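Fair warning: this is a prediction, and the values are worked out from it, not measured in the lab.
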Amino acid sequence: TGYQRRVHGVYSGEWAEGLKHGFGSYKFAEGKGEYSGVWEKGIFKEGQWVVSDGNYYEGKFDNKNRPCDPCGAIKFPTLDLFQTGDYKKGKWCPSTTLMKISDVPQAGEETTEEEAAAAIESGTTA
């Protein structure tokens, strides 16, 4: 007779009334990924779902922690690629082709009119 306790993961972040609430990260056991972002009353609502290979989904999640954002994105940092789309019935449904992450201006970066026009023409904007 022994006692075994199964550990699913570790949460680090804000709490309210005994529940995950605010910003926090939940790391799954055995390095199987992580949720990082905004929690509401114990439910992961918005942020990144990082899998063990470093690729991640970024967007909103439903009340069962499933991706549910029609403007979500899957990012492949090691390949410098991303794609926008939505999960429908557990399946990724892209709304764009794969695009280079480095071609899309980040928040705070300035883009000239010529660069913006070239990006639109080449399809490298979401």
| message | Checking side-chain polar atoms at under 3.5 Å, does S25 have a donor or acceptor matched by the opposite partner on S12? | response | no
| message | Counting C-beta onward and ignoring hydrogens, is there a side-chain heavy-atom pair between F82 and E58 closer than 4.5 Å? | response | no
| task | To the nearest 0.5 Å, tell me how far K75 NZ sits from T84 OG1. | result | 10.5 Å
| remark: Taking every heavy atom of K20 against every heavy atom of W15, the minimum-distance pair comes out as N-CE3, 3.6 Å
| Taking all atoms of both residues into account, what is the closest heavy-atom pair of E14 and F23, and its distance? | OE1-N, 2.6 Å
| Pairwise side-chain contact, K100 with L81, heavy-atom cut-off 4.5 Å (strictly under) | yes
| query | If we only count heavy atoms from C-beta on, is the E40 to H21 side-chain gap below 4.5 Å? | reply | yes
| Do Y56 and W92 belong together in a cluster built from hydrophobic side chains that touch within less than 4.5 Å? | no
| query | Quick one: does I74's side chain get under 4.5 Å of Y87's, heavy atoms only? | reply | yes
| Can you name the closest pair of heavy atoms from T96 and M99 and give their distance? | OG1-CE, 3.2 Å
| task | Could you tell me whether the side chain of P77 reaches within less than 4.5 Å of the side chain of N55, counting heavy atoms only? | result | yes
| said: Please report the interatomic distance SG(C71) to CG(D86), rounded to the nearest 0.5 Å. | reply: 8.5 Å
| said: Does any part of the side chain of D69, heavy atoms only, come nearer than 4.5 Å to the side chain of Y57, both counted from C-beta? | reply: yes
| message | In this structure, is the centre-to-centre distance between the rings of W39 and Y11 below 6.0 Å? | response | yes
| Path from V51 to Y26 over hydrophobic side-chain contacts below 4.5 Å | yes
| What are the two closest non-hydrogen atoms of L19 and G42, and how far apart are they? | CB-N, 3.7 Å
| request: Show the numbers, then the answer: is there a side-chain contact (heavy atoms from CB on, under 4.5 Å) between N63 and K45? | output: CA-CA 7 Å; N63 288 339; K45 298 303 273 184; 2.8 Å; yes
| Angle class for the F44/F61 ring planes (parallel below 30°, perpendicular above 60°, tilted otherwise)? | tilted
| Over all atoms of both residues, closest heavy-atom pair of D80 and S102 | OD2-OG, 2.7 Å
